[in-house]
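Atoms within each ligand, like the ligands themselves, are counted from 1 in listed order.
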Amino acid sequence: MAEKDLKKLIEKALDMRNSSYAPYSHYRVGAALEAASGQIFTGCNVENSSYGAANCAERTAFFKAVSEGVHDFRRIVITGGADDGELQYASPCGICRQVMREFCDPATFEIILAKSTEDYKTYTLEQLLPESFGPENLL
Ligand code: THU
């Protein structure tokens with residue numbers, strides 16, 4: 001995949017931080033999920049005054065895609081950090097990793113933690129969620 005496309009995906013994830021609704025944690029997360037077709041689904045974290053009702057950026061992106069009938073994915077870029085601080089390599093929470101596991105091949109799906117278009121780290125889902133439980137277990 002062209003480097004230019006990855007930079008575009010990172011820019012979309014960074015841009016999504018502007019939509020983050022995080023009045024409680026002040027930690028803004030943006031995600032950009034690329035489908036196998038090349039279509040991009042974005043997401044941000046959406047918090048709630050009843051804290052447990054918050055939704056992470058990654059799951060927002062996945063649920064947008066799945067609700068549009070898309071189930072095949074190539075990679076996701078995640079960008080996160082306090083709204084008055086520097087960006088971190090924002091690693092996905094356990095629930096988001098498990099949601100990815102439902103739809104993605106652990107060996108090939110890429111999770112890209114980006115601070116900028118130049119500064120990012122790439123993992124496979126298998127690296128971040130080893131020995132996982134998935135749909136095949138129930139077949
Ligand atoms: N958050 C995400 O959006 N993705 C993650 O994988 C980790 C955490 C959000 C949830 C909450 O709104 C804020 O970051 C602080 O936990």
Side-chain angles (χ1 to χ4, degrees):
M1 200 53 51
E3 194 63 11
K4 178 167 65 69
D5 292 341
L6 177 57
K7 292 202 185 306
K8 212 174 79 183
L9 201 61
I10 293 173
E11 273 161 13
K12 281 187 185 286
L14 289 168
D15 194 44
M16 276 311 285
R17 292 186 70 245
N18 296 319
S19 300
S20 161
Y21 179 75
Y24 306 105
S25 73
H26 304 286
Y27 191 88
R28 292 177 175 270
V29 186
L33 173 64
E34 186 179 71
S37 64
Q39 203 179 348
I40 293 169
F41 295 89
T42 55
C44 64
N45 54 333
V46 182
E47 297 186 347
N48 194 282
S49 52
S50 177
Y51 294 174
N55 203 58
C56 291
E58 300 90 316
R59 274 178 287 148
T60 302
F62 266 89
F63 294 160
K64 281 169 72 177
V66 173
S67 64
E68 297 292 330
V70 176
H71 289 195
D72 298 315
F73 304 103
R74 212 180 265 156
R75 55 187 176 172
I76 189 169
V77 172
I78 306 166
T79 60
D83 58 11
D84 60 354
E86 288 186 4
L87 287 184
Q88 301 176 338
Y89 295 120
S91 198
C93 80
I95 298 173
C96 288
R97 293 177 198 205
Q98 187 62 35
V99 168
M100 293 174 195
R101 177 66 179 85
E102 187 66 24
F103 299 102
C104 305
D105 178 345
T108 59
F109 183 70
E110 288 183 342
I111 298 168
I112 299 151
L113 314 182
K115 290 187 183 180
S116 72
T117 55
E118 313 300 324
D119 185 359
Y120 55 84
K121 296 202 271 192
T122 304
Y123 300 91
T124 62
L125 177 56
E126 195 165 44
Q127 287 176 300
L128 297 191
L129 192 69
E131 302 294 340
S132 60
F133 186 90
E136 326 73 70
N137 291 98
L138 298 182
L139 293 178

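From the protein, the heavy atom lying nearest to atom 3 (O) of ligand 1 is Ala57 N, 2.9 Å. Closest to atom 9 (C) of ligand 1, if we only count protein heavy atoms, is Asn45 ND2, 3.6 Å. For atom 1 (N) of ligand 1, the nearest non-hydrogen atom of the protein is Cys56 SG, 3.6 Å. The single protein non-hydrogen atom nearest to atom 15 (C) of ligand 1 is Ser25 OG, 3.6 Å, given as residue, atom name and distance. The closest protein non-hydrogen atom to atom 11 (C) of ligand 1 is Glu47 OE2, 3.2 Å.
A salt bridge between Arg101 and Glu136 is present, with a side-chain N of the basic residue lying under 4.0 Å from a carboxylate O of the acidic one.
Applying the 4.0 Å criterion to heavy atoms of Pro92 picks out, from ligand 1, the atoms 6 (O). Close approach of ligand 1 to Cys93 (heavy-atom distance below 4.0 Å) involves ligand atoms 5 (C), 6 (O).
Because its NZ or CZ atom is both nearer than 6.0 Å to the ring centre of Tyr89 and within 45° of the ring axis, Lys115 counts as a cation-pi partner of that residue.
Of the candidates His26, Glu58, Arg97, Arg28, the one placing a heavy atom closest to atom 5 (C) of ligand 1 is Glu58.
Here CZ of Arg28 is found 7.0 Å from CG of Asn18. Values are rounded to the nearest 0.5 Å.
Here Phe73 and Phe62 bring their ring centres to under 6.0 angstrom of each other.
For the residue pair Thr124/Glu110, the side-chain donor-acceptor check at 3.5 Å is not satisfied.
Between Ala114 and Thr79 the shortest heavy-atom distance is O-CG2, 3.6 Å.
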